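Note that the coordinates shown come from a computational prediction; the quantities given were computed from them, not determined experimentally.
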Amino acid sequence: MMTAQFENMKHQLDNLLSEGFSTPDQYEVYRDLKNQYEEATGDVSFSIREVTGQLEVIMTNRETFFPDLDEGARVEYLDLVERLKALDSAKAGYYLRQLGEG
């Protein structure tokens, strides 16, 4: 049954995302599975979680002095917000407001 296959993929993706990636190969396996899942189901929640996780790291990293980011971190943050906007504009708005640009 196709639904069981997608549930299994979703479970695998949850596990991979929560364990994190210690090698580029692990991330590649995750990315490939995520792309297959999203293409087949239209569910982009894993991409949203991935991008918001990266944004949260920037916001909470003590070296970034959020929201007064240096130019490189600011560009990276805004690039991530743009990626998020394509997936979920409301969440993207939240992250722009955190930077004082919403």
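No side-chain donor-acceptor contact under 3.5 Å links Arg49 to the backbone of Ser45. Distance alone, capped at 3.5 Å, is enough to place a donor-acceptor pair between the Glu38 side chain and the Ser47 backbone.
In this structure, CD1 on Ile48 lies 6.0 Å from NZ on Lys91, to the nearest 0.5 angstrom. Separation of atoms CD (Gln12) and CG (Asp14) is listed at 10.5 Å; rounding is to 0.5 Å. Interatomic distance, Asn15 CG to Lys10 NZ, rounded to the nearest 0.5 Å: 13.0 Å. For the atom pair CG of Leu84 and CG of Leu78, the computed distance is 12.0 Å after rounding to the nearest 0.5 Å. Taken from CD in Glu76 to CG in Leu55, the straight-line distance is 9.0 Å, to the nearest 0.5 Å. Rounded to the nearest 0.5 angstrom, Glu19 CD and Tyr30 OH are separated by 12.5 Å.
With Tyr37 as the partner, the side chain to side chain donor-acceptor pair (under 3.5 Å) test is satisfied by one option alone out of Asp32, Asp43, Asn8: Asp43. Screening Val81, Leu87, Leu80 against Arg83 for a side chain to side chain contact (heavy atoms under 4.5 Å, CB included) leaves a single residue, Leu80.
You'll find the side chain of Asp88 stays beyond 4.5 Å of the side chain of Thr52, heavy atoms only. Between Phe6 and Gln36, the closest side-chain pair of non-hydrogen atoms is not below 4.5 Å. Side-chain contact between Phe21 and Val29: absent, with no pair of heavy atoms (C-beta onward) separated by less than 4.5 Å. Under the 4.5 Å side-chain criterion, counting only non-hydrogen atoms from C-beta, Leu13 is not in contact with Leu17.
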Take Tyr27 and Glu50 through the test side chain to side chain donor-acceptor pair (under 3.5 Å) and record every step on the way to the result.
CA-CA 11 Å; Tyr27 179 70; Glu50 194 177 329; 2.6 Å; yes
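Across all non-hydrogen atoms, the minimal contact from Gln26 to Gly20 is OE1-O, 4.3 Å.
No salt bridge links Arg74 with Glu71; every basic N to acidic carboxylate O contact stays at or beyond 4.0 Å.
Note on residues 70-92: pairs passing ring-ring contact (aromatic ring centres under 6.0 Å, His included), not counting sequence neighbours, are Phe66-Tyr77.
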